[in-house]
Each structure stands twice: as structure tokens, then as C-alpha cells.
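Written below as C-alpha cells is the structure these notes are about.
Naming: A, B, ... by sequence-line order, numbering from 1 per chain.
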Amino acid sequence: MTEYNKSELLICTAARQMADNTICFIGTGIPMLAAALAKRTHAPNLVAAFEFGGVGPDLEKLPLAVGGSRTFHRAEIASSICDLMEAAARGYVEYGFLGGAQIDPYGNLNATVIGDHDRPKVRFPGSGGANDIGSLCWKTIAIMRHGKKRFVPKVGFLTTAGYLDGPGAREQAGLPSGSGPYRVVTDLALMGYDDETKRMKLLALQPGVTAEQVQAETGFELMIPDDVAVNDEPTDEELRLLREEIDPDHLYT
Amino acid sequence: MTEYNKSELLICTAARQMADNTICFIGTGIPMLAAALAKRTHAPNLVAAFEFGGVGPDLEKLPLAVGGSRTFHRAEIASSICDLMEAAARGYVEYGFLGGAQIDPYGNLNATVIGDHDRPKVRFPGSGGANDIGSLCWKTIAIMRHGKKRFVPKVGFLTTAGYLDGPGAREQAGLPSGSGPYRVVTDLALMGYDDETKRMKLLALQPGVTAEQVQAETGFELMIPDDVAVNDEPTDEELRLLREEIDPDHLYT
Amino acid sequence: MSNLASGRGALFQKEKVDDLRHWVRENKPKGLMSKVMSEQEAIAKFMTEGCYLGVELYGSVRCPMSLVREVVRQGIGNLRLAGQGVLENDLLIAAGLVKKLDITYHGYEVFGISPVLRRACESGEVETVEWSNAALAWRFKAAAMGLPFLPVRSMLGTDTFTYSAAKEIECPFTGQKLVALPALTLDVGLIHVHRCDEYGNAQIDGISGFASEMARASKRLIISTEEIVPHEEIQKYPERTIIPYYIVDAVVHAPGGALPGEMPYVYWRDEKHMNLYFEQAKNAEGVEQYVEKWVRGTKDHEDFMKKLGGAERFEQLKAQATRR
Amino acid sequence: MSNLASGRGALFQKEKVDDLRHWVRENKPKGLMSKVMSEQEAIAKFMTEGCYLGVELYGSVRCPMSLVREVVRQGIGNLRLAGQGVLENDLLIAAGLVKKLDITYHGYEVFGISPVLRRACESGEVETVEWSNAALAWRFKAAAMGLPFLPVRSMLGTDTFTYSAAKEIECPFTGQKLVALPALTLDVGLIHVHRCDEYGNAQIDGISGFASEMARASKRLIISTEEIVPHEEIQKYPERTIIPYYIVDAVVHAPGGALPGEMPYVYWRDEKHMNLYFEQAKNAEGVEQYVEKWVRGTKDHEDFMKKLGGAERFEQLKAQATRR
């Protein structure tokens with residue numbers, strides 16, 4: 001079995017979450033590689049969409065910007081941010097990838113500030129399209145590094161809506177029914193959300209990691225079912241695709 | 001002096017109302033010929049705009065439909081109805097031409113029905129873009145045949161807003177300030193609106209017509225100033241342009 | 001606010017945005033798959049009795065007339081219809097298929113009032129609710145944006161508003177009065193384009209009218225096209241894709257599909273045939289004869305084209321097309 | 001409704017739709033006239049201290065960097081700024097010209113957080129109000145539609161809403177909760193395009209980002225262009241005109257104007273130069289040196305291009321461009 005690094009593990013785990021014949025909002029970085037990998041394995045008809053207007057590029061070369069020319073190279077469509085976000089509002093976009101500095105048990109994300117908003121301790125880039133993606137896509141997949149400072153009981157600033165404060169809260173706030181956080185992919189584990197409580201739940205461990213380790217790196221109580229699966233390691237074929245075809249210059253991995 | 005018919009008189013009178021370097025919403029028929037004539041005489045930089053998206057066509061051949069290819073032949077822009085109407089909403093469109101079955105003293109127009117709406121005596125085509133043009137352009141120019149059945153005290157159905165029921169009514173209704181009816185061009189006269197009362201006012205008589213005749217053909221009291229001008233007859237050059245260049249096949253005249 | 005008015009017209013199409021989202025998720029194809037089929041198949045597959053229909057542009061310009069004729073052939077009735085219309089809606093009304101009409105403009109443009117509409121409205125056969133041209137386009141735009149309504153500045157102060165199903169609202173920022181237009185979602189939308197690939201990625205030359213908005217507001221979207229081009233052609237100029245494949249349900253190859261109306265840059269309108277129609281439309285018997293002969297009496301679009309004069313006539317009309 | 005929330009952020013730009021209409025009527029050129037001028041002239045003529053500015057697309061893609069550098073050269077300060085930004089807004093903040101920022105995303109994408117933004121916000125030098133990417137585009141769209149607000153379904157339930165200047169409303173038809181976004185009108189908008197004519201009729205290849213909406217939301221619109229083409233070229237493909245001449249105030253011929261970012265299909269980004277910037281941006285002194293050398297230290301765009309490596313470097317970057 002081939003050796004692999006953390007980025008490669010994240011990419012492979014993320015890739016496996018996406019179903020074929022769906023449209024998926026992609027940002028630069030890991031989500032892009034995950035989409036490219038999914039397309040080359042179990043989801044050949046997965047459609048990568050970029051919020052500034054590119055839909056269905058060949059991803060032959062990896063984009064360096066969400067509006068860059070590679071997001072619409074040999075694409076079906078090169079339109080606009082309004083067009084894409086409105087397609088999401090109409091229910092066309094199944095998945096959206098998100099990241100952030102902090103996540104809480106309900107999948108709410110902070111990508112804005114630590115500390116007081118008007119005089120922050122740390123200023124992050126801000127929502128970008130994340131708030132829209134978290135509002136309008138059916139399912140969001142968060143990709144994070146695990147750690148207590150990142151997995152917090154309550155985000156310091158709620159940039160992007162997860163399940164807010166629990167069941168029914170999204171609908172009450174006016175967000176589309178049936179939408180919301182779906183998966184959290186980290187270097188330690190794969191998590192989902194409990195149907196009833198809408199709280200984060202451990203689904204599977206990354207190879208060699210224990211549930212205790214995951215809980216220890218999580219700043220809130222994680223729902224841990226009795227039997228937790230273990231993710232398959234990245235296969236030789238996945239690693240070959242990643243290294244030889246998708247990111248041969250190792251810009252991201 | 002060359003002989004002319006009523007259509008030619010209407011066209012020449014309408015053409016003279018438009019200032020250079022303005023954008024003007026044009027429908028098929030007389031307004032189109034008026035715009036083409038104005039462009040060839042005093043307003044070379046008049047821009048003809050068609051509500052389905054054509055802006056600035058050469059009008060080398062006259063369009064037969066407001067969405068037809070001649071409305072964007074060698075035009076600057078071929079966009080969409082939303083784009084054009086929204087430009088009007090932003091204040092870019094100075095003039096819009098209107099017609100209808102009935103007009104009242106405040107310039108309100110009926111192009112919808114005579115009789116009960118749900119079981120009409122006569123069903124007309126409906127607003128089309130007229131309501132939008134009457135709402136959003138700065139000035140509207142109505143082109144009508146004069147007659148008591150057409151110039152009525154109160155329109156049977158208010159399709160398109162003129163000054164509604166008088167001063168301040170447009171603004172009160174939420175329509176843009178400073179916009180409203182500007183001219184009515186008929187075979188008998190040119191009319192405008194009184195600044196204070198917003199009622200229709202005789203501005204000039206067509207050649208050979210008296211103010212009494214105009215009033216007799218108008219179903220409400222027309223404001224008639226002490227000295228009423230008389231329109232110049234169509235000039236030889238105007239008629240030549242119309243007959244030889246603009247409408248050589250006499251489709252409209 | 002108690003002083004804000006509501007139009008008294010009926011809302012002919014009621015759809016909740018959230019329900020639509022779920023419908024889209026379940027029913028629209030998100031992957032690339034060939035959607036090429038005939039007029040017969042497309043209409044039979046996606047149109048149903050009583051459905052709410054919309055057609056773009058005008059009957060005399062870039063209008064999917066071959067699809068409309070097929071609706072008449074299949075006799076799908078009790079339709080609710082959105083529209084500014086010339087030949088297309090006129091034909092549907094003439095064939096007795098329309099019950100309710102969200103009307104903006106319905107007439108023959110320079111050829112005047114539609115006697116078909118007059119008969120249908122004056123007899124009470126067709127129920128109408130009033131809108132302006134832009135209002136209808138903006139209602140499509142609201143649906144295209146995934147919103148239940150859009151504010152606009154048209155229709156204020158008029159009977160067009162009173163006989164619509166719109167409402168007045170106040171701007172939450174400025175307090176100014178605005179009209180709120182309810183989003184309009186079509187059960188089926190029909191659009192004719194210049195070219196598309198087998199998946200439905202479509203390009204339009206010249207003005208796009210309200211194609212972009214109406215396409216996105218359609219639950220089922222059938223496009224007819226002058227030409228089906230290889231996918232690679234679309235991929236080369238992706239900025240030209242005005243209708244993305246994922247909103248398209250059927251692609252019908254229909255050269256001459258806009259006839260007797262014009263197709264910008266491709267062919268001019270068949271003035272002779274349009275005059276024939278306008279002449280026959282003057283009375284109920286005449287228009288019925290037209291429908292019998294030219295629609296029900298033709299098997300399909302190919303047959304219609306043959307009757308119109310075949311390749312020879314088509315070439316004549318192509319030669320008269322407006323050039324770039 | 002008393003239970004509806006309002007964002008607590010300030011509205012940095014206050015404009016009434018009706019006032020804008022009057023302004024447009026008085027100030028915008030409706031006829032065709034040549035608007036070609038240099039960066040220096042355009043910025044000096046239309047930008048003023050304290051004005052509200054917007055720049056499209058991102059700093060690293062199709063961004064009017066030659067115009068932005070000229071703003072820095074002329075030192076027009078106290079700016080209010082709309083933005084998702086990478087290099088463009090970063091440069092303006094680094095040069096100390098920005099007071100208020102309607103922020104959506106401001107960072108270096110794959111290169112991470114902007115230390116320039118961090119310093120400016122953490123010191124309190126720049127005041128921020130929060131929006132999402134789509135919300136900002138929709139605010140432009142509201143202005144482009146001539147409306148004081150647009151309803152949307154983003155930002156609900158979040159601090160992004162709370163620290164915005166948006167308001168919650170209820171749909172007059174469905175009763176559902178929505179966010180009302182106030183229209184955003186720019187005093188000055190800057191957009192870089194692939195080609196336009198001397199009047200400003202402009203085409204963009206590839207995605208249009210938010211160019212269409214932002215252009216229409218700009219009181220003064222300055223476009224820079226890779227190429228000025230004959231008017232006849234525009235007239236041949238009028239459906240490609242995404243920015244109509246009548247909203248344009250200045251046309252600046254700026255080949256390489258998006259550098260060091262990329263211009264789709266024309267040239268690839270100057271990765272070396274971008275890395276240099278990101279490296280120097282890490283501390284205040286470094287970025288000040290960058291601004292001194294590369295912006296204030298260059299006379300104009302031509303001079304900047306020379307410093308970057310002249311025709312030879314430009315040709316290298318062109319050779320690396322993504323092809324259709």
C-alpha cells in the first residue's frame with residue numbers, strides 16, 4: 001500500500017461523499033481536487049460549479065482562483081455569480097464545500113473574526129460565497145483540520161448557517177426546508193449530523209485514529225454511535241490519479 | 001409644396017418632439033418612422049430602443065415586430081426586455097411612445113377593454129409594454145387619431161398611468177418623480193399638459209384646423225391658451241426622406 | 001400597512017419556492033444526457049391537460065411554432081397560459097385549448113387586434129388577468145432567482161394593477177410604495193433557439209427577449225432548435241450558453257421551427273402565410289379551417305414544411321433573412 | 001412585523017432611486033461619443049476623495065489593475081469600498097486610502113489570509129460591514145434594476161446578517177421570512193474587459209462575474225480594455241455587448257491592464273509577481289516598499305508594464321494563457 005499525506009487523505013474522504021449526476025459548488029483547494037478525483041472514480045457525471053459562473057469545466061489544469069479561466073475551460077457554461085447562486089436558490093445544487101476557522105456542534109461556521117467584530121483580535125477573509133452556499137445548497141460538506149480551537153461549543157461569529165441552534169431553526173429563520181450541513185471531513189474523522197438533534201455525530205474514523213482521540217480534539221461533546229466505521233485508506237488508484245493526473249505539480253498535495 | 005396624407009403629418013409632428021442625444025422607446029408603426037425621420041433631420045444621435053432588447057439599430061429597413069431582427073440590425077446592443085425596462089427604471093430612457101383606444105384629460109390610456117373586464121364589450125390587446133413605458137420613461141408621447149370616442153373624460157380601463165387624477169398623484173402612487181405624459185400628437189393637433197393642473201392643453205394646431213374643431217372632437221374640456229401655434233406643414237425634405245429612404249415600399253404611409 | 005392595495009385577479013399558478021426546490025432536486029437531470037426527441041415525444045412526455053404553459057418570444061419572432069402546432073395536434077386542453085402572444089397563443093386559443101390567460105399583449109402588432117382573442121374574451125371562454133410586458137418578464141425573473149416575489153415600479157396606480165394578482169408593498173428602507181409581483185413558475189416552457197447540443201446547452205443570436213428568465217422559471221423546459229451542434233462547439237464559447245443543459249428536459253431538432261415567423265439571421269417571416277392566417281382569423285370558421293388544414297392536417301413539422309412549399313420555399317425565406 | 005430583525009451595520013452608501021434617476025438624466029451621455037482617455041484622465045475626472053468605489057472581478061482575474069494603481073498614484077483617499085477583493089482592494093487598503101469596507105471576501109485565495117486586511121481591521125483603521133458574495137452582487141442587481149431593495153434567501157439566521165445593513169421582511173404572498181438587501185449604487189465602478197468600441201460598448205469573454213450588475217449600478221463607470229475595436233465589430237454581434245455604451249463614462253486602452261492577475265484567454269497571471277506581492281504584504285514596511293516601487297514608482301501603466309519585463313514578459317504570459 002502506498003504512503004499518503006493528510007491532504008491526500010482529506011481529498012479522498014471528501015471525494016467519496018459526492019454522488020454521481022449532481023452539481024457541486026467547488027472552491028479552490030481541496031474541494032477542487034476532491035471533485036476531480038470523484039469524477040475520475042465513482043462519479044463521472046459529477047458537475048463542478050464555481051460561484052462566479054463556471055459550470056462543468058474539464059479541470060484538466062487546476063484553477064488557482066474561483067473566477068479563473070480554468071473554472072470554465074471547456075465548460076458548458078460561463079455565466080455569472082447571480083446566475084449560479086440563483087440556480088442554487090432554485091434547488092439545482094446538491095453539494096457545497098465550506099471551510100472556516102471554527103465550527104460548532106450544529107455545523108455553524110466562523111470565517112469572519114475572532115473577538116469583537118469592530119476591533120477584532122483576528123480578522124479572517126469573511127463569508128465570501130460561504131454564507132450563500134450554506135443557505136442555498138442542499139448539503140454542505142465542511143473540510144477542516146481537527147482541533148479544539150476549531151471545533152468549539154459556539155462559534156465566535158456565525159458567518160455561515162449550519163443548523164443554527166438545533167432542529168427547525170433553519171426553517172424558522174427562513175432558510176430552505178430540507179437543506180443543511182451534511183458532512184465534516186477532517187484528518188481524524190468523518191462526521192455527519194444526527195437526524196433528530198441536528199448535532200454533529202461521528203460517522204467514521206480515519207485509519208489508525210480512535211474515537212477517544214477524535215473526542216479529545218473536539219471542543220464539544222460529539223455524538224459517538226456504538227459502532228463507528230473506519231474509512232478505507234486511499235487506494236493506490238486514487239493516489240495515482242491524484243499524483244499523476246490531477247495535481248502532477250503537487251501544488252496542493 | 002408637396003401633398004401629404006394624415007400618417008405623414010402624424011409622423012412629422014411626432015418626429016419634431018424628440019430631442020437629440022436621447023434614448024427613445026419605439027414601437028412598431030408610426031413611432032418607428034418618426035424616430036427614423038428625426039435621426040435623419042434634427043436628431044442624428046437619437047437612439048431608438050425596442051423593449052425586447054434592441055438598442056440603436058440602423059433602421060435601414062423598418063421592423064415589422066418589436067422583437068424582430070430589424071430592431072437590432074447593426075445595433076449597439078441586443079439584450080433583453082428586463083435589461084431595457086430596467087434601464088428605463090434607472091432613468092436612461094427619455095421618451096416612450098404610446099397609443100391606445102382611449103385617452104383622458106390626464107393622459108391616462110386604455111388599451112385593454114371597453115365594458116366589464118371579465119366579459120368585455122371589446123377586448124383590446126392589453127398593456128404590452130405600455131404600462132411599463134408610461135411608468136418608467138421620463139416623458140411619453142401618445143399618438144392617436146382625434147375623436148370624441150377616443151378623447152374621453154375618464155378612460156373605461158386605466159391601462160397605462162398618465163397623471164392619474166391630477167397633480168402629485170403619480171408620486172403618491174409610487175411612480176418616479178418628474179415623469180409623466182408629455183405630448184399627444186393627433187391628426188388635428190399637438191397637445192401637452194398644463195404644469196399646474198396636469199390636464200391636457202392644446203399646444204399647436206395641425207395646418208388648416210381650428211381650435212374649435214379640436215375641442216369639438218375632444219370629449220372633455222381642453223385647455224386652450226390664448227395664442228395657439230400652428231404646426232409647420234411637413235417639408236419637402238421630410239416627405240422625401242419618408243417616401244424615398246424610410247418607407248420606400250409605403251408599408252406605413 | 002392597511003392602505004396598501006391588492007390586485008383582485010386570480011393567481012393562476014400557485015407554487016411555493018420550497019416545494020419547487022424539492023421538485024427540482026427530484027426531477028431535473030443534473031448530469032449530461034442526451035435529450036434529443038421529436039416534437040411528438042416531447043409534448044406527449046411533458047405536457048398535461050390543464051398545465052400552465054409559457055412560450056417565448058413572440059409568435060412572429062423566434063417562436064417555437066413547431067412545438068405549438070404539436071400541442072394543437074395532441075389537443076392538450078384546459079391550458080393556463082402566460083402571455084404576450086401573436087401567432088402562438090392565438091393558435092392555442094383558436095383551437096379551444098386555453099382556459100386562463102395571464103395577458104400582457106395579445107394581438108397581431110402592425111396587423112392590429114386579434115379577432116381570436118376578442119371572440120374568446122368577449123364570450124367569456126377565456127378568463128384573463130392583466131399584467132404588463134415587463135411585469136410578466138419580472139415574474140419569470142423572480143422564479144428564476146428562486147424568490148417568491150420581486151418588487152417593481154410598474155403597474156402602480158392603474159387598473160392593470162387592480163386586475164392583476166400583484167400587491168402593493170412599502171420598501172423597508174425608503175418607505176416608498178412598490179408593486180410586489182408574485183413569482184411565476186411554468187409547468188412547461190417552450191423556447192426556440194439557434195443552436196444547442198444534445199444535452200440542451202443553448203445559444204441565441206440577437207436579442208434574448210425573456211428567454212433567460214422564462215427558461216429558468218420552467219419546471220419542464222422543451223427547446224426546439226434550428227441546429228444541433230457538437231458538444232465541443234458549446235464548450236468552446238461557454239459564455240454564449242444562455243440556457244444551461246441542467247434546466248432543459250427535451251431538445252427538438254426543428255429547422256424552420258419558428259415559421260411562419262422569422263428566425264433572426266436565419267430566415268425571414270413568411271409574410272404570405274401570416275397574411276393568410278390573419279385573414280382566416282377574422283371569423284371562427286376561417287380560423288378553424290386554418291387549424292384543420294395547416295395544423296391538424298399536417299402530420300408533423302416536416303409535413304408542415306412540405307405543405308408550406310418545402311425546401312424551395314425555405315430557401316427563399318432564408319435568402320431574405322436579415323444579415324449581421 | 002415587530003419580530004423582524006434589522007442588521008446593525010451602517011449603510012455606507014445612501015442613494016434614493018428617484019434621485020439617481022434625475023442624476024442619470026442630467027449626467028449620463030445618451031448619444032454616441034468617443035470616451036477614450038488615459039488612466040490618469042479617467043481617474044482624475046471621475047473619482048473624488050471619499051467616493052464609494054467598486055472593482056470587478058477579483059484582483060487575480062480580469063481586474064482593472066492599471067486603473068487601481070492609478071487611484072493609488074493620485075492618492076484619492078477616504079474611500080468607501082465594495083468588496084470581494086484580492087490584489088485590487090488590498091492595494092488600496094495598503095496605500096491607506098480606504099475608510100469603510102462593505103466586505104464579502106478579502107483574502108489571497110489559495111495563498112490565504114490577507115495580512116493587509118488584518119492590520120487594517122485589527123487596528124480599527126478600516127470599518128467593515130458584512131455581506132456574502134451573492135448578497136453584494138444582488139445589491140448591485142437591485143440598483144441595476146432601478147429598485148431600492150431586493151429580497152433574497154441568503155444571510156438569514158447568521159451574524160453575517162446581524163453585522164450587515166440588511167433587514168428581514170415577510171413575503172407579501174407566502175409570509176415566509178426573507179432578507180431585504182438595500183440597493184448598492186457605486187459612485188465609481190471600475191471594470192476591465194476584453195474589447196470595446198470607443199463609445200464603451202463592451203464584450204467580456206468567459207464568465208462575467210458580476211460585471212453586468214455592477215456596471216449598471218455605477219453612477220460613473222470607467223472601463224479599461226485589452227483592445228479597442230471598430231464600432232462595426234460591436235454592431236456585428238450586438239448580443240455580445242454586456243456593457244452598453246450609455247452607462248460608460250470613460251474607455252481606457254490598457255493591454256495587460258489586469259496584470260499581475262490573469263485575463264482569460266489572453267494572458268496567464270504573473271505568478272512570480274503575485275508571490276512577490278504576497279511576500280511583501282506580510283508586514284507594513286514590505287507592502288509600503290511594494291507600493292513605492294511598483295505603483296508610485298511607475299509613471300503610468302506603460303511604465304509599469306516596462307518594469308514588469310516589457311514586451312518580452314508580456315509575450316511569455318500570453319503564451320501561457322488558457323486557450324478556448
(message) Please classify the contact between D/Leu147 and chain B as side chain, backbone, both or neither, with a heavy-atom cut-off of under 4.5 Å.
(response) neither
(request) Measure distances from B/Ser79 to the heavy atoms of chain D and classify the residue's part below 4.5 Å as side chain, backbone, both or neither. (result) neither
(message) Any heavy-atom pair between the side chains of D/Tyr199 and B/Glu76 that's under 4.5 Å?
(response) no
(request) Measure D/Lys236 against the heavy atoms of chain B and call it side chain, backbone, both or neither at under 4.5 Å. (result) neither
(request) Would you check if there is a donor-acceptor pair between the side chains of D/Gln235 and B/His73 at a distance under 3.5 Å? (result) no
(request) May I ask you to test the B/Ile77-D/Pro238 pair for a side-chain heavy-atom distance under 4.5 Å? (result) no
(message) At a 4.5 Å cut-off on heavy atoms, which part of D/His231 comes close to chain B: side chain, backbone, both, or neither?
(response) side chain
(message) Only pairs of heavy atoms separated by less than 4.5 Å count here; which of D/Ile242, D/Asp18, D/Ile234 has the most with chain B?
(response) D/Asp18
(message) Between B/Ser80 and chain D, with a heavy-atom cut-off of 4.5 Å, which part of the residue counts as in contact: side chain, backbone, both or neither?
(response) neither
(request) Between chain B and each of D/Thr241, D/Val24, D/Leu20, count heavy-atom pairs under 4.5 Å; write down the option with the most. (result) D/Val24
(message) Quick one: does any side-chain atom of B/Asn21 pair with a main-chain N or O of D/Lys30 as donor and acceptor, under 3.5 Å?
(response) no
(request) Report yes if the side chains of B/Ser179 and D/Arg21 come closer than 4.5 Å at any heavy-atom pair, otherwise no. (result) yes
(message) Counting only heavy atoms from other residues, nucleotides and ligands, does the tally under 6.0 Å from CG of B/Asp195 exceed 12?
(response) no
(message) Does atom CD (B/Glu237) have a neighbourhood of more than 12 heavy atoms from anything else shown, all under 6.0 Å?
(response) yes
(message) If we define contacts as heavy-atom pairs under 4.5 Å, which of D/Arg240, D/His22, D/Met33, D/Lys28 has the most with chain B?
(response) D/His22
(request) Report, by ascending residue number, the residues of residues 36-69 of chain B in heavy-atom contact with chain D at a distance under 4.5 Å; give 'none' if the set is empty. (result) B/Asn45, B/Val47, B/Val55
(message) Quick check on the structure: residues of residues 89-96 of chain B within a heavy-atom distance below 4.5 Å of chain D, by number.
(response) B/Ala89, B/Arg90, B/Gly91, B/Tyr92, B/Glu94
